[in-house]
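Report on the structure given below.
This chain uses plain numbering: 1 for the first residue, then up along the sequence. In each ligand, atom 1 is the first atom listed, and ligand 1 is the first ligand listed.
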Amino acid sequence: MKIAVLSGKGGAGKTFIAVNLAQISNDALYVDADVEEPNGYLYFQPTIRKQINVSISVPRIDEELCNLCRRCVDFCRFNALAFVQKKIIYISDFCHSCGGCRLVCPQNAIVEKARVIGRIDIGYAGTIDFISGYLNPESISGVPIIQKIISQIPKKKFVILDCAPGSGCTVVETVKAADYCIIVGEESAFGCHDFRIACNLANTMNKPYGAIINKSGKESGPVNAYCNLNKIKILGKIPYNYELGTLLSQGRIAAKEKEEYYKIFTRIYKQLKKDYS
Ligand code: SF4
Ligand code: SF4
């Protein structure tokens, strides 16, 4: 079973939830799919046994074959090709590796070459398997890295997919691979706004989901009210706690350190197993 943990915004506690659920399961595969800013390794301090580079195909123009017809320039919707001073200029930062320019070139003057955009690390931390993706800073899309990660996931594993924040392309690609989503909501007006975006994403993609409310107070807040109104199952609530913030800032796993969090995450984990295994 693959569970995607997502939130409409950064800082809602997604990685905190993902790491602690993986910890409780004891034999899960934890996947850090937040490839622009992966931080799961800070908690698990994994031993890495394999690294795989991830490449995309980008165009290279053979100037001897090119007749400067500019069809490739007109085709490229990302403005990665330009006609400047009687030359076709390629701007790699804008290229989405769609391959279209090569198809429209009447001269077969465009060939593809590989460009490394990042890597994935595969390893383990005790009994927990670990995969994390890393997008190189100058690269624009982490989707090929997510696809590579998904291809490395063994079948029959309890997998926690720690998504990127928001609802962008890498989140969509990660959720696509999931059987179930946990949407983490931060109990504030802003948090509720972004929680709703994540719920809309799961609805649009026809994925079953439940909520975990983080930083919950004594009073019922907007995320709680939204869940009740829309009949969204609340899998658990994490009370707002200053000490928890300190633990997290030190890269410690709360369910390992504190009985209170061990119980909360054990309850959530058992419920997930019961409902969806
Ligand atoms: S591969 Fe696609 S995005 Fe890149 S230059 Fe060619 S047409 Fe533009
Ligand atoms: S489509 Fe081909 S031949 Fe025309 S400008 Fe581009 S690379 Fe040159």
Side-chain angles (χ1 to χ4, degrees), residues 2 4 6-10 31-39 50-122 131-153 161-178 194 197-198 200-202 204-207:
K2 297 188 208 66
L6 63 154
S7 63
K9 71 188 269 295
V31 174
D32 199 337
D34 183 1
V35 298
E36 286 180 35
E37 275 182 289
N39 59 357
K50 192 174 169 190
Q51 287 190 323
I52 304 173
N53 280 338
V54 180
S55 307
I56 57 170
S57 293
V58 294
R60 186 179 62 76
I61 295 168
D62 183 333
E63 287 182 10
E64 289 195 359
L65 291 177
C66 175
N67 65 5
L68 301 177
C69 73
R70 301 187 220 176
R71 281 194 203 176
C72 55
V73 177
D74 293 341
F75 177 85
C76 184
R77 292 290 175 269
F78 301 102
N79 297 319
L81 295 166
F83 181 66
V84 180
Q85 292 187 337
K86 297 186 182 167
K87 259 184 97 170
I88 303 296
I89 305 290
Y90 169 63
I91 307 149
S92 63
D93 284 358
F94 296 170
C95 178
H96 278 57
S97 186
C98 72
C101 52
R102 189 172 62 85
L103 294 178
V104 299
C105 176
Q107 293 291 106
N108 286 330
I110 301 180
V111 290
E112 290 185 340
K113 62 171 185 171
R115 180 158 69 100
V116 174
I117 57 159
R119 67 168 206 277
I120 63 173
D121 286 358
I122 302 176
I131 301 181
S132 183
Y134 298 84
L135 179 70
N136 290 345
E138 75 281 4
S139 300
I140 53 173
S141 171
V143 169
I145 298 179
I146 302 293
Q147 290 167 340
K148 189 65 169 181
I149 288 174
I150 302 298
S151 75
Q152 299 296 312
I153 293 177
L161 301 159
D162 185 0
C163 294
S167 53
C169 299
T170 52
V171 178
V172 170
E173 199 64 29
T174 312
V175 168
K176 218 195 297 180
D194 290 355
I197 292 174
N200 287 341
L201 176 70
T204 305
M205 295 182 74
N206 283 323
K207 296 288 177 180

Original post:
With a 4.5 Å heavy-atom cut-off, do C76 and Y90 have their side chains touching?
Top reply: no
task: Please tell me if the side chains of I91 and N79 come closer than 4.5 Å, counting only heavy atoms from C-beta onward.
output: no
Value for CD1 (I145) from CD (E36), rounded to nearest 0.5 Å, stands at 9.0 Å
Note to self: Please check this pair: side chain of S7 against backbone of P165, looking for a donor-acceptor N/O pair closer than 3.5 Å.
What the structure shows: no
Per-pair distances, 0.1 Å, donor-acceptor, side chain in residues 114-121, under 3.5 Å, sequence neighbours excluded:
unit_1, atom_1, unit_2, atom_2, d
R115, NH2, S92, O, 3.4
R119, NE, D121, OD1, 2.8
R119, NH2, D121, OD2, 3.1
D121, OD1, Q51, NE2, 2.9

Atoms listed for atom 8 (Fe) of ligand 2 (protein only, N, O or S, under 2.8 Å, no waters) are C66 SG
Next item on the list: Taking N67 for its side chain and C69 for its backbone only, find out whether a donor-acceptor pair lies under 3.5 Å.
Entry: yes
Any heavy-atom pair between the side chains of I150 and K176 that's under 4.5 Å? no
Protein N/O/S atoms closer than 2.8 Å to atom 2 (Fe) of ligand 1 number 1
Residues passing the ring-ring contact (aromatic ring centres under 6.0 Å, His included) test with F78, sequence neighbours excluded, are H96
Quick look: L81 vs ligand 1, heavy-atom contacts under 4.0 Å, and the answer is side chain
Check your understanding: If we only count heavy atoms from C-beta on, is the V111 to R102 side-chain gap below 4.5 Å?
Key -> no
Does any non-hydrogen side-chain atom of D74 lie less than 4.5 Å from one of V104? no
